[in-house]
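Taking it in order: structure first as C-alpha cells, then the write-up.
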2 protein chains.
Amino acid sequence: MKLSEAQQKFIQGWGQLGASWGINRTMAQIQAVLLLSPKPLCTDDIMERLQISRGNANMNIRELLSWGVVYKSFIPGDRKEYYYSEKDMWELAKKVSRERKKRELEPLVRILGEVKSVEGTSEEVKEFRKVVKSAGSMAKRAESVLDLVMKLDENIFFKWMGKKK
Amino acid sequence: MKLSEAQQKFIQGWGQLGASWGINRTMAQIQAVLLLSPKPLCTDDIMERLQISRGNANMNIRELLSWGVVYKSFIPGDRKEYYYSEKDMWELAKKVSRERKKRELEPLVRILGEVKSVEGTSEEVKEFRKVVKSAGSMAKRAESVLDLVMKLDENIFFKWMGKKK
DNA sequence: CTAAACTTTCAATAATTTCTGAAAATTTAA
DNA sequence: TTAAATTTTCAGAAATTATTGAAAGTTTAG
C-alpha cells in the first residue's frame, strides 16, 4: 500500500473513532495529521492537508491544545506557530481520560448530589433513591479507575493487568 | 427537593452524559425514564413523559433493545409491549463497554491492520509505521481492559481494584 | 377472514453542529 | 511607531443528525 493512501485511511479512521466518541471529527483528524508528521506543522499545512478553512483549523487546534494533546513549537526566524502532537499513546490516553472525566463525569456526579435530597416515601421515590445511589456509586468507581489509570505508568499498569508489555 | 424536579434533573443529566459520549440524547433520556420507573412502561408512557413522537420513541427504544440494556415485558391481557431497563449499573456498564468495543474499537483495529502494509523507507513511512504500531498496541490494550471488565463481576473487580465494595 | 390495536418505516422538516471566510485583533520586525 | 504577518473571532451558510407524523405493515381477538 502506498503511503498517501495509508495515511488517508488512518486519518479517516481516527476521525471516525473521535466522532463516535463525541469528539469533533475535524479535531480528531488534525490530531491524526500531527501524529503522522515527523515534524511540527503550521496552520497552513493543516488547512491544506485536510482542505479546511483557517477558522476551522484554528478553532480545533486551539481545542487540542486545551486538551493538552498537542503542543506549540516555535521555529527560529519564523513568525508562524507550529504544532506537534503528543505521540506517546499512553500519555494521550491519560490526557483524554482526565479531560473527559472533568467534562462529563463530574457534571453527573454534581447532579446526583443535588437530587439525592428528594423527599417522600412512595415507591417512585424509593426507586429514585436507589437508582441515584447506584449511579453515584458507579460514577465514583469510574472516577477511581480513571484516576488510577492516570497515576500509573504504562509498565506498571500492564504488569498489574497481568499481561506482558 | 420534589420528586418530579429531581427526576427531571436526573433525566436531563443522564441525557447530557449520553450525548457527550456520542449516544443520542433521546435514547439516553428514554433509558433514564425506564431506570426511574418501578414498573415497565409502554411507548405511549415514554412519548408522554418526554414529549416526543411515536416514531422517535420507537426508534430509540429499538436501539436500546439492540444494546441489550432495555428488555421487553408483556402484561397478560394487554397487547402493548412494555419496556424496562437493566437496573444493575455494573451490568449496564458491561453492556455498554461490549457494544462500544464492537462498534468503534474494532473498526479502528481493522484499519490499522490494513495500513500496516505501507511500503517505503522514508522518514514519513517510518513515522507512519511507528504511529500505527503504537495505536494498534493501545487499541489491543483497551480491548483487553474491556474484555476483563466484562468478564469479572463487580465484587471481584473492586477487590482487584483494592477498594471496598 | 376482518378489523382494531399496535408497531415500524420513512420522506419531509426541524434542530443542532460544524465550517467558512472575511474582518478585527494581536504580535513582531524594523 | 508603523505595517506586514499572523492569529482569533464570529455571523451566516452548509452539512449533519434528530424528529415528526402519517402511511404501511403486523399481529391478534373475535
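Convention: sequence-line order gives letters A, B, ...; per-chain numbering from 1. Basis for what follows: all heavy atoms, side chains included, without hydrogens, waters or symmetry-related copies.
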Expressed in angstrom and rounded to an integer, what is the separation of [X] atom [atom1] from [N] atom [atom2]?
X	N	atom1	atom2	value
Leu65(A)	dT8(D)	CG	P	9 Å
Arg62(B)	dA18(D)	CZ	C1'	18 Å
Asn56(A)	dA15(D)	CG	P	13 Å
Ile61(A)	dC19(C)	CD1	C1'	14 Å
Ile23(B)	dT17(D)	CD1	C1'	15 Å
Met59(A)	dA22(C)	CE	P	17 Å

> Start at the 5' end of DNA chain C and walk down; is the nucleotide closest to Tyr82(B) or to Ala57(A) reached first?
Replying inline: Tyr82(B)

> Is Lys126(A) paired with Glu123(A) through a side-chain N to carboxylate O contact shorter than 4.0 Å?
Replying inline: no

> So, Glu99(B) and Lys95(B), do they make that salt bridge, N to O below 4.0 Å?
Replying inline: no

> Under a 4.5 Å cut-off applied to non-hydrogen side-chain atoms, are Arg100(A) and Trp67(A) in contact?
Replying inline: yes

>> So if I take residues 42-52 of chain A and measure heavy-atom distances to DNA chain C, which residues fall below 4.0 Å?
In response: Gln51(A), Ile52(A)

>> For DNA chain C, which residues of residues 67-81 of chain B approach it to below 4.0 angstrom with any heavy atom?
In response: Asp78(B), Arg79(B), Lys80(B), Glu81(B)

> What do the steps show when you test Met138(A) against Leu92(B) for side chain to side chain contact (heavy atoms under 4.5 Å, CB included), and what is the final call?
Replying inline: CA-CA 10 Å; Met138(A) 182 48 74; Leu92(B) 217 52; over 6 Å; no

>> When you measure from the side-chain N and O atoms of Asn24(A) to the phosphate of dC19(C), is any distance below 4.0 Å, counting only OP1 and OP2?
In response: yes

> At under 4.0 Å, does any side-chain N or O of Asn58(A) touch on OP1 or OP2 of dT8(D)?
Replying inline: yes

Sub-3.5 Å donor-acceptor pair from the side chain of [X] to the main-chain atoms of [Y], do we have one?
X	Y	value
Arg49(A)	Ile30(A)	no
Glu48(B)	Asp45(B)	no
Lys87(A)	Leu35(A)	yes

> Which of parallel (below 30°), tilted (30 to 60°) and perpendicular (above 60°) describes Phe128(B) and Phe10(A)?
Replying inline: perpendicular

> Hey, what's the ring geometry for Trp21(A) with Trp21(B), parallel, tilted or perpendicular (30° and 60° as the breaks)?
Replying inline: perpendicular

> How is Arg54(A) classified with respect to the nucleic acid when contacts are heavy atoms under 4.0 Å: base, sugar-phosphate, or nothing?
Replying inline: base

>> On DNA chain D, does the nearest nucleotide to Arg25(A) precede the nearest nucleotide to Gly55(A) from the 5' side, or the other way round? Give the residue.
In response: Gly55(A)

